[in-house]
Amino acid sequence: AKSAGGNRFELADPEADARAITRHGLTTALPAALDRGEFFIEYQPLVHLGDGSVRGAEALVRWLHPQHGVLGPDQFIPLAEHTGLIVPLGRWVLEQSVRQARAWQERHSDAGPLRINVNLSPCQLTHPGLVQDTVDILEREGLDADALCLEVTESALIGADDDLLKPLRRLAEMGVDIALDDFGTGYSNLANLRRLPVSILKLDRSFTQSMQQFPADPVDLKIVEGIVSLAHSLDLAVTVEGVETGAQAEQLRILGCDTAQGWYYARPGPPERLHELALVDATG
Ligand code: C2E
Ligand code: CA
Ligand code: CA
Ligand code: CA
């Protein structure tokens, strides 16, 4: 970025330029990547804090780029949102994940129903096909709506009007759980929770990080305790993300959190990994 003008406009930033070029390249490659099957999904177990059993998994999308190798969602989801590819990509993720959940259920009927959590981008929320696509996929793959949880970030729902909430309400009525993702980062009005069709709060990783020392900072403890008791009084379950140590898991369990997810239990991995974890779990 330079101009013929004064000095301060001539400061080229080669790194920023390189990033812009990469971003442009990735953006133009996105649609073909979906056609070529370059995306894949890793699954990270969701564990019941009370008894340690695997209850399901969150689907996390990755892109195996022919030149750049494996790219994480933070590197391409914003681009997919910007170009609109997020709608077909999101539909693909939902379809794959629902099919996978069905396969788990067939192999682990004794392990209790394994649930699948899928992230929804705000762009998918405003897309008119969301409810019908979801109904179609569940029906085609033969999965109960009860086994599906859609995760929507708190920031996507801040100040949401009824038009935005309507599709989520319809899905919730069908039995799909809606989780409020990254909760605690969006400064939403807690009283507002009552009007949202959510049944799960996913407490942001920053809270888990504050539980690193044992005992944790008393103020942090109070905040989490308050969120959990408010959530439970509204009949919402609490999931915590980013649990990396046993000490964190123990603190969060004592504070009343219901479900946990994080490297302490397992990193995101291929679907077979969940088979193994659920199996070990079911047989003791
Ligand atoms: P998220 O929904 O908050 O997902 C949790 C992120 O935390 C994942 O990063 C996961 O790999 C990471 N994580 C899990 N356990 C730990 C832990 O113990 N410690 C630490 N430090 N990190 C942990 P990932 O896979 O890079 O995904 C990043 C974000 O991309 C997700 O954040 C989600 O917002 C978005 N995303 C992923 N898949 C999809 C998708 O299919 N559709 C949409 N719209 N967004 C997606
Ligand atoms: Ca999520
Ligand atoms: Ca349900
Ligand atoms: Ca998060």
Side-chain angles (χ1 to χ4, degrees), residues 30 33-34 38-47 49 54 56-64 69-101 115-127 130 133-134 137 148-157 177-186 198 200-212 237-249 251-252 257 259-271 273-274 277:
L30 270 170
L34 187 57
E38 291 172 5
F39 294 102
F40 66 100
I41 300 173
E42 289 193 317
Y43 299 89
Q44 187 176 36
L46 287 153
V47 175
L49 270 168
V54 174
E58 177 176 8
L60 297 159
V61 68
R62 280 92 179 81
W63 179 4
L64 180 55
V70 176
L71 302 178
D74 292 335
Q75 290 168 280
F76 62 85
I77 291 286
L79 307 178
E81 288 175 335
H82 190 68
T83 57
L85 191 83
I86 191 68
V87 171
L89 177 60
R91 198 187 296 129
W92 179 83
V93 171
L94 182 65
E95 183 171 51
Q96 295 296 307
S97 308
V98 163
R99 184 173 302 158
Q100 188 56 61
R115 319 187 67 246
I116 184 74
N117 285 33
V118 179
N119 293 286
L120 270 196
S121 144
C123 311
Q124 291 173 271
L125 265 188
T126 51
H127 186 265
L130 175 67
D133 285 348
T134 308
I137 288 171
L148 175 65
C149 173
L150 295 175
E151 302 192 358
V152 185
T153 59
E154 182 189 18
S155 56
L157 292 187
D177 277 316
I178 310 294
L180 208 49
D181 208 356
D182 296 342
F183 184 79
T185 59
V198 299
I200 297 167
L201 288 192
K202 273 193 99 166
L203 209 55
D204 189 68
R205 187 153 59 86
S206 51
F207 292 101
T208 310
Q209 277 171 329
S210 71
M211 303 287 136
Q212 219 123 36
V238 179
T239 300
V240 286
E241 50 178 34
V243 176
E244 295 180 358
T245 68
Q248 288 172 331
Q251 293 259 30
L252 291 159
C257 299
T259 314
Q261 180 182 355
W263 296 346
Y264 173 62
Y265 303 101
R267 302 223 173 199
R273 182 90 184 98
L274 203 86
L277 291 167

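Residues: numbered from 1 along the sequence shown. Every number for a ligand or one of its atoms is a count from 1 in the order of the listing.
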**Q.** Among the N, O or S atoms of E151, the one nearest the Ca ion (ligand 2)
**A.** OE1
Q) When you check the space around the Ca ion (ligand 4), which protein N, O or S atoms turn up under 3.0 Å? A) D182 OD1, E241 OE2
Q.
Rounded at 0.5 Å granularity, tell me how far CG in L46 sits from CG in N117.
A. 5.0 Å
Q | E58: its N/O/S atom lying closest to the Ca ion (ligand 2) (atom name) | A | OE2
Q: Taking atom OH of Y265 as the centre, report whether more than 12 heavy atoms of other residues, nucleotides or ligands fall under 6.0 Å from it.
A: yes
Q.
Rounded to the nearest 0.5 Å, what separates atom CG in D181 from atom CG in L201?
A. 10.5 Å
Using a 3.5 Å cut-off on N/O to N/O, what pairs does ligand 1 make with the protein? A line per pair would be great.
unit_1: ligand 1; atom_1: 2 (O); unit_2: E58; atom_2: OE2; d: 3.2
unit_1: ligand 1; atom_1: 2 (O); unit_2: N119; atom_2: OD1; d: 3.2
unit_1: ligand 1; atom_1: 2 (O); unit_2: D181; atom_2: OD2; d: 3.1
unit_1: ligand 1; atom_1: 3 (O); unit_2: D182; atom_2: OD1; d: 3.4
unit_1: ligand 1; atom_1: 3 (O); unit_2: E241; atom_2: OE1; d: 3.4
unit_1: ligand 1; atom_1: 15 (N); unit_2: Q44; atom_2: NE2; d: 3.0
unit_1: ligand 1; atom_1: 18 (O); unit_2: W263; atom_2: N; d: 2.8
unit_1: ligand 1; atom_1: 19 (N); unit_2: E244; atom_2: OE2; d: 2.6
unit_1: ligand 1; atom_1: 21 (N); unit_2: R205; atom_2: NH1; d: 3.0
unit_1: ligand 1; atom_1: 21 (N); unit_2: E244; atom_2: OE2; d: 3.1
unit_1: ligand 1; atom_1: 25 (O); unit_2: R62; atom_2: NH1; d: 2.9
unit_1: ligand 1; atom_1: 25 (O); unit_2: R62; atom_2: NH2; d: 2.9
unit_1: ligand 1; atom_1: 38 (N); unit_2: V61; atom_2: N; d: 3.2

Q: Sorted by first residue and then second, give each side chain to side chain donor-acceptor pair (under 3.5 Å) pair with at least one member in residues 76-90; sequence neighbours left out.
A: E81-S121
For residues 203-211, which side-chain N or O atoms pair as donor and acceptor with protein atoms under 3.5 Å away, sequence neighbours left out?
unit_1: D204; atom_1: OD2; unit_2: S206; atom_2: N; d: 3.1
unit_1: D204; atom_1: OD2; unit_2: S206; atom_2: OG; d: 2.8
unit_1: T208; atom_1: OG1; unit_2: E241; atom_2: O; d: 2.7
unit_1: S210; atom_1: OG; unit_2: F207; atom_2: O; d: 2.6

Q) Checking Q44 side chain against A266 main chain: does a donor-acceptor pair fall under 3.5 Å? A) yes
Q: For Q75 and G72, indicate whether the former's side chain and the latter's backbone hold a donor-acceptor pair under 3.5 Å.
A: yes
Q | CG-CD distance between L30 and E38, expressed to the nearest 0.5 angstrom | A | 9.5 Å
**Q.** Gap separating the CG atom of N119 from the CG atom of L94, nearest 0.5 angstrom
**A.** 11.0 Å
Q) Any N/O/S of T153 under 3.0 Å from the Ca ion (ligand 2)? A) no
Q: Rounded to the nearest 0.5 Å, what's the gap from OG1 on T259 to CZ on R115? Could you check?
A: 9.0 Å
**Q.** L252 CG to Q248 CD distance, which is reported to the nearest 0.5 Å
**A.** 7.0 Å
